[in-house]
K.L.:
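Got a structure here, written out as structure tokens. Questions coming.
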Amino acid sequence: MPPSTQAVLSTSTSVDRLSAPINHRRPPRRWPASLAALEVRNYRLFLGAQAIGSVGGWMQRVAQDWMVLQLTGSVAMVGLVVALQFLPFLLFGLFSGVIADRYPKKRILQVTQAAAALCALVLGVLALTGTAQAWHVFVIAFVLGVVMVIDNPARSALVTELVGAERIRNAVSLNSSVFHSAALVGPALSGILIGTIGLGWSFIANAVATAAVVVVITMIRPAISQLPTAASRAKGQLRQGLAYIRRTSEIRWALVLLAVAGFLTMNIPVVVTAFSTQVYDLGVNGYSLLISLNAVGALSGALLSAGRKKKLRLRELAALLGLLGLLIAIGSQMPNGGLYGVMLVAGGLVSLTFLIGANTLVQTAAAPALRGRVMAVYILVQMGMQALGSPILGFAMDTIGPRTTVLISGLATLALAGVLALAMARQSNLSLGVAPVRRADLHLDPLKLGRATVRGVTPRTLRRLVPLEIVPTRPRPRHAS
């Protein structure tokens, strides 16, 4: 090609580039690591729906517990209504996972949230008309439990579909952050409404909020590539999920630890109802404040977990469970409501760190095609154990007193956490060893507080100064024959 022709073509190409339309498309927004899941539009919508629904749900929870206490005057009855709401998880929890794996999860959530709005509306009308009776609350609590047993596995599995496995820990932490941020707002709003215009409006507010959730969920449009292949309708799907859990040790042990926590430590509404009325005489506003203080700790645990880069291991979950039991035992002996509130903050932090760690471990260990069934068992264990523990706890507090009951519960949790940790170590051929503490180990570690860095006690400091470590068991020498 002649040089003159090349020059003309080069000039033409340059002119074309200059005259081409400017690309105004911005690159995807990058969020901080602690908010990485928010890069996904569908997840932002999902989290918004979670925020709206959680505020309304907390408002209804406070109003429901207080209504039962007013109608019956019994903490045991408050425990019973909590148990009825969680009983469907024991009865139908295993089958709900099959539904979540078989049908579109977005459609499931639309139906369940519409049904939850109807339950709230019925309770609100009964309360506002002055016709509410205890059995009304019991029946609606059970119906709402049936709705939630279908809703929760689909909700948990949908999060993974929206954000992917690499963001699931961050998404679970953000979900918990939103839920417990709502626990700061919902109980306070409900307490104000109960004290000024009556119980019924808390239920009406939740009905409106849940209806709004249906609208927001409709706006979520998962990409086809994000959706797993629907499970077939063949027989044996439930057995397949249970067999998978049985042979996956991480999931199996996480569920055992969760069962202990659910039965002994996660009945906060029942415990706080008893302490605010029978121990400290704080009334409905004091009850709402204690629930909010527990939520402050839970929110702190969720935010700390959101910034964590590594998932918790089983031995760390066992340690957290033991610490939670110790805090519960100490809290049961606090002389006044203020100090008890401080212990609720600490307990909420440890409890949420444990729950997020267990949830993340189970979700990441589960195969995508079985995740709905695995999460159904996870929720069955968590909610089912609360269903069993709530009436027992309520009856015990009415019989031997709140302080003694909660003290026994905390000490039992601490003991069981130790037993389970030893059992897990033995199965993995591990044991406790003693490491020497050197003079160079006696220093504080840097701790970041915003942009500032200070020296303080961190988990790394504690691991270095406590001379115990997990080591492989030494094989026994073989004796010569």
Side-chain angles (χ1 to χ4, degrees), residues 52-89 91-92 111-151 182-183 185-214 267-270 272-274 276-278 282-288 291 383 386-387 390-391 394-395 397-398:
I52 297 169
S54 295
V55 171
W58 275 108
M59 293 181 71
Q60 174 161 324
R61 187 171 304 180
V62 170
Q64 177 179 280
D65 292 345
W66 207 253
M67 176 187 281
V68 172
L69 191 62
Q70 284 187 338
L71 291 172
T72 65
S74 170
V75 176
M77 291 298 101
V78 177
L80 178 60
V81 77
V82 173
L84 286 171
Q85 193 162 325
F86 292 146
L87 180 60
F89 288 91
L91 300 178
F92 316 117
V111 173
T112 55
Q113 290 300 298
L118 182 60
C119 289
L121 181 61
V122 171
L123 272 177
V125 171
L126 289 172
L128 290 175
T129 57
T131 58
Q133 298 180 32
W135 71 268
H136 292 148
V137 186
F138 295 153
V139 170
I140 293 176
F142 182 80
V143 172
L144 187 60
V146 173
V147 171
M148 290 298 103
V149 79
I150 300 172
D151 178 282
V185 179
L189 290 177
S190 190
I192 292 171
L193 290 178
I194 292 171
T196 54
I197 57 178
L199 277 166
W201 292 104
S202 292
F203 299 117
I204 297 298
N206 185 42
V208 174
T210 311
V213 169
V214 177
N267 298 288
I268 289 297
V270 182
V272 172
T273 299
S276 62
T277 56
Q278 298 180 10
L282 300 176
V284 65
N285 290 326
Y287 169 79
S288 300
I291 290 288
M383 303 300 188
Q386 285 182 258
S390 292
F395 177 78
M397 286 191 288
D398 277 348

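Keep in mind that what you see is a predicted model, and the values were worked out from it rather than measured. The residues of the chain are indexed from 1 along the displayed sequence.
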K.L.:
Can you tell me how far the CG atom of L199 sits from the CG atom of L126, to the nearest 0.5 Å?
P.N.:
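L199 CG to L126 CG: 12.0 Å, rounded to 0.5 Å.
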K.L.:
Hey, what do you get for CE (M77) to CG (D398), rounding to the nearest 0.5 Å?
P.N.:
8.0 Å
K.L.:
Between atom CG of N206 and atom CD1 of I52, what is the distance when rounded to the nearest 0.5 Å?
P.N.:
12.0 Å
K.L.:
Give a yes or no on whether W201 atom CH2 has more than 12 heavy-atom contacts from other residues, nucleotides or ligands under 6.0 Å away.
P.N.:
no
K.L.:
Please name the pair of heavy atoms, one in L71 and one in A134, separated by the smallest distance, quoted to 0.1 Å.
P.N.:
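Distance-wise, the nearest heavy atoms are CD1-N, 3.6 Å.
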K.L.:
Please indicate whether F138 has more than 12 foreign heavy atoms, meaning atoms of other residues, nucleotides or ligands, lying under 6.0 Å from its CZ.
P.N.:
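Atom CZ in F138 is crowded, with more than 12 foreign heavy atoms closer than 6.0 Å.
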K.L.:
If you apply the rule side chain to side chain contact (heavy atoms under 4.5 Å, CB included), what do you find for L123 with H136, and how did you get there?
P.N.:
CA-CA 8 Å; L123 272 177; H136 292 148; 5.5 Å; no
K.L.:
Can you tell me how far OG of S202 sits from CD1 of I192, rounded to the nearest 0.5 angstrom?
P.N.:
10.0 Å
K.L.:
With side chain to side chain contact (heavy atoms under 4.5 Å, CB included) as the test, would you mind laying out the steps for F142 and V139 before giving the verdict?
P.N.:
CA-CA 5 Å; F142 182 80; V139 170; 5.9 Å; no
K.L.:
Heavy atoms only: give me the nearest A114-V214 pair and the separation to one decimal.
P.N.:
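Heavy atoms only, the tightest pair is N-CG2, 3.7 Å.
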K.L.:
Under 3.5 Å, side chain of T129 to main-chain N/O of V125, donor-acceptor pair present?
P.N.:
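Yes, the answer is positive, given that a donor and an acceptor are paired below the 3.5 Å cut-off.
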K.L.:
Please give me the minimum heavy-atom distance between P88 and V146, naming the atom from each residue.
P.N.:
CG-N, 3.5 Å
K.L.:
Which atoms form the tightest heavy-atom contact between M59 and G186, and what is the distance?
P.N.:
CG-O, 3.4 Å
K.L.:
Quick check: do M67 and V81 have side-chain heavy atoms less than 4.5 Å from each other?
P.N.:
no
K.L.:
Yes or no on side chain to side chain contact (heavy atoms under 4.5 Å, CB included) for Q64 and I140, after CA distance, side-chain angles and deciding distance?
P.N.:
CA-CA 10 Å; Q64 177 179 280; I140 293 176; 5.9 Å; no
K.L.:
Where do I204 and L128 land on the side chain to side chain contact (heavy atoms under 4.5 Å, CB included) test, with the steps shown first?
P.N.:
CA-CA 9 Å; I204 297 298; L128 290 175; 4.0 Å; yes
K.L.:
For the atom pair CG (L144) and CD (Q85), what is the distance rounded to the nearest 0.5 Å?
P.N.:
4.5 Å
K.L.:
Of the non-hydrogen atoms in A209 and G56, which two are nearest, and what is the gap between them?
P.N.:
CB-CA, 4.2 Å
K.L.:
Got a second to check how far S190's OG is from D65's CG, nearest 0.5 Å?
P.N.:
9.5 Å
K.L.:
Quick one: closest heavy-atom pair of I194 and A63, and the distance?
P.N.:
CD1-CA, 4.0 Å
